[in-house]
Amino acid sequence: MPELPEVEITRRHLAGVMTGALIQEVAVTHERTARYNSGPREVEDRLVGRRVSDVGRTGKFLHATLDDGQMMVAHLGMSGRFTIDGEAEPHTHFRASLDTGNIVRFVDPRTFGFVAVFNEEEIGFSGLARLGPDAWTSPLGPAELEQALAGRTAAIKALLLDQGLISGLGNIYADEALHKARIHPMSAGGSIASGELAALIQAIREVLEAAIENGGTSLSDLAYLLPDGRAGENLEQLMVYGRTDLPCLTCGTPIRRILVRSRSTHFCPSCQQGPSA
DNA sequence: ACCTCCCTGGCC
DNA sequence: GGCCAGGGAGGT
């Protein structure tokens with residue numbers, strides 16, 4: 001499932017082919033993919049003839065600035081990925097032909113993702129406007145994180161997934177960062193000592209850095225692939241995610257899986273103990 | 001601050 | 001043949 005590292009890798013590929021290019025033809029072939037505009041036709045009409053000035057990312061949202069001040073905004077959701085000059089494979093819901101000859105496609109079997117075109121006002125009402133600071137490009141400092149978590153009784157795992165607090169972390173990297181920082185996922189956010197928060201900030205940075213370097217995490221379902229079709233190689237770096245009942249790679253204790261806010265959560269009961277344990 | 005829904009391929 | 005995966009929007 002695409003999280004910040006996978007979206008960042010996608011952004012770099014898209015920036016390489018889209019920056020400076022003219023969008024000549026667009027086809028949106030699934031209603032749901034265009035659900036944040038009035039429909040496929042609007043997305044097509046607002047993109048055709050526009051030139052892309054840059055491709056950015058905030059949290060898990062991709063955004064390309066267009067020459068008329070609009071933005072193309074995309075989210076990969078659960079199963080979305082962009083391909084560049086790939087084949088017209090099943091579940092392709094968006095295709096853009098550029099004046100460079102490159103063809104960008106959006107493939108998304110579960111249709112949790114979307115492609116939208118927003119002007120400045122529309123962006124203010126979109127999910128983009130509700131994002132907290134990006135976990136990679138604008139990481140909170142220890143004092144800021146401590147302030148953000150003060151008084152919060154919710155589990156730290158749930159808080160790390162709250163995109164309004166910090167944007168970009170999903171289920172995989174939240175579990176990985178908590179393991180690296182040796183924090184129990186059920187710890188109340190406001191109860192975590194400042195030293196542990198400093199460790200958490202560092203763990204988030206290291207987990208994301210490794211994932212980006214490794215091309216992201218492609219799980220066995222291969223829902224996520226790089227835009228050039230290759231699988232990311234970060235799976236083998238995962239310490240807890242998807243390793244239920246397997247020995248902890250740090251201490252050998254079997255990894256446990258619990259539900260936190262109905263999200264599967266993986267942790268080592270030995271390495272990650274609550275502050276009181 | 002919580003719950004429900006959306007959606008489909010893959011797996012038991 | 002049914003269940004699971006889960007990000008984010010919208011509602012209570």
Side-chain angles (χ1 to χ4, degrees), chain A residues 1-8 10-11 28-39 57-63 73-82 89-94 106-116 118 122-132 134-136 148-177 185-191 208 211 216-225 231-232 235 238 240-245 257-266:
Chain A
M1 40 244 57
E3 304 176 25
L4 189 153
E6 293 77 24
V7 180
E8 172 61 18
T10 301
R11 184 198 68 78
V28 181
T29 51
H30 198 297
E31 287 283 337
R32 216 173 117 75
T33 300
R35 65 188 179 278
Y36 294 115
N37 289 109
S38 63
R57 178 196 60 75
T58 308
K60 304 173 200 173
F61 288 75
L62 289 161
H63 37 83
V73 178
H75 196 292
L76 304 181
M78 279 294 302
S79 60
R81 61 193 161 88
F82 279 94
E89 51 189 306
H91 307 294
T92 299
H93 305 321
F94 170 96
F106 181 61
V107 181
D108 185 16
R110 289 178 223 178
T111 71
F112 279 61
F114 66 85
V115 178
F118 294 142
E122 291 164 328
I123 285 172
F125 295 102
S126 75
L128 256 180
R130 293 187 287 272
L131 293 177
D134 185 85
W136 179 244
L149 295 179
R152 301 292 295 259
T153 57
I156 184 64
K157 166 66 186 286
L159 294 170
L160 288 181
L161 294 179
D162 181 349
Q163 303 298 299
L165 198 63
I166 299 173
S167 62
L169 294 179
N171 215 29
I172 296 175
Y173 301 113
D175 280 2
E176 293 298 312
M186 286 296 289
S187 300
S191 75
L208 295 177
T217 301
S218 293
L219 301 176
S220 57
D221 63 5
L222 296 183
Y224 164 75
L225 296 171
L235 181 63
L238 300 185
V240 287
Y241 185 86
R243 301 195 74 254
T244 309
D245 295 333
R257 175 182 178 277
I258 60 175
L259 289 181
V260 178
R261 286 257 248 277
S262 75
R263 293 284 182 257
S264 76
T265 297
H266 312 74

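Side chains are part of it too, since the values below use all heavy atoms of this structure and drop only hydrogens, waters and symmetry mates. A note on names: the letters A, B, ... follow the listed sequences, proteins ahead of strands, and every chain is numbered from 1.
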How close or far is atom [atom2] of [N] from atom [atom1] of [X], stated in whole angstroms?
X: A:Arg110; N: B:dT8; atom1: CZ; atom2: P; result: 11 Å
X: A:Leu128; N: C:dG7; atom1: CG; atom2: P; result: 17 Å
X: A:Leu259; N: B:dC2; atom1: CG; atom2: C1'; result: 16 Å
X: A:Asn171; N: C:dA5; atom1: CG; atom2: P; result: 9 Å
X: A:Leu76; N: B:dC7; atom1: CG; atom2: C1'; result: 16 Å
X: A:Phe125; N: C:dA9; atom1: CZ; atom2: C1'; result: 16 Å
X: A:Leu4; N: C:dG8; atom1: CG; atom2: P; result: 11 Å
X: A:Lys157; N: C:dG7; atom1: NZ; atom2: P; result: 8 Å

Margin query: Please compare A:Asp162 and A:Phe112 by the position of their nearest nucleotide in DNA chain B and report the one closer to 5'.
Written below: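 In this pair, the answer is A:Asp162.
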Note to self: Can you work out whether A:Ala154 or A:Pro109 has the more 5'-proximal nearest nucleotide on DNA chain B?
What the structure shows: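 Looking at DNA chain B, the more 5' nearest nucleotide goes with A:Ala154.
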Please determine whether a side-chain nitrogen or oxygen atom of [X] lies at a distance below 4.0 Å from atom OP1 or OP2 of [N].
X: A:Gln163; N: C:dG7; answer: no
X: A:Ser264; N: C:dG6; answer: yes
X: A:Arg32; N: C:dA9; answer: no
X: A:Arg130; N: C:dG8; answer: no
X: A:Tyr241; N: C:dG6; answer: yes
X: A:His91; N: B:dT8; answer: no
X: A:Arg261; N: B:dA1; answer: no

Side-chain donor/acceptor of [X] to backbone N/O of [Y], under 3.5 Å:
X: A:Asp134; Y: A:Trp136; answer: yes
X: A:Glu176; Y: A:Val240; answer: yes
X: A:Arg152; Y: A:Leu149; answer: no

Check: Is a side-chain donor-acceptor pair under 3.5 Å present for A:Asp108 with A:His93?
Finding: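 No.
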Margin query: At 4.0 Å (heavy atoms only), tell me whether A:Tyr36 reaches a base, stays on the sugar-phosphate, or touches nothing.
Written below: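 Sugar-phosphate only.
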Check: At under 4.0 Å between heavy atoms, what does A:Arg35 touch on the DNA or RNA strands: base, sugar-phosphate, or nothing?
Finding: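 The residue A:Arg35 makes no contact with any strand.
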Checklist line | Residues A:Glu89 and A:Arg81 bridged, charged N to O under 4.0 Å | finding: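 Salt bridge present between A:Glu89 and A:Arg81.
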Next item on the list: With the side chain of A:Arg152 defined as its heavy atoms from C-beta on, choose the nearest nucleotide among C:dC4, B:dA1, C:dG7.
Entry: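 That would be B:dA1.
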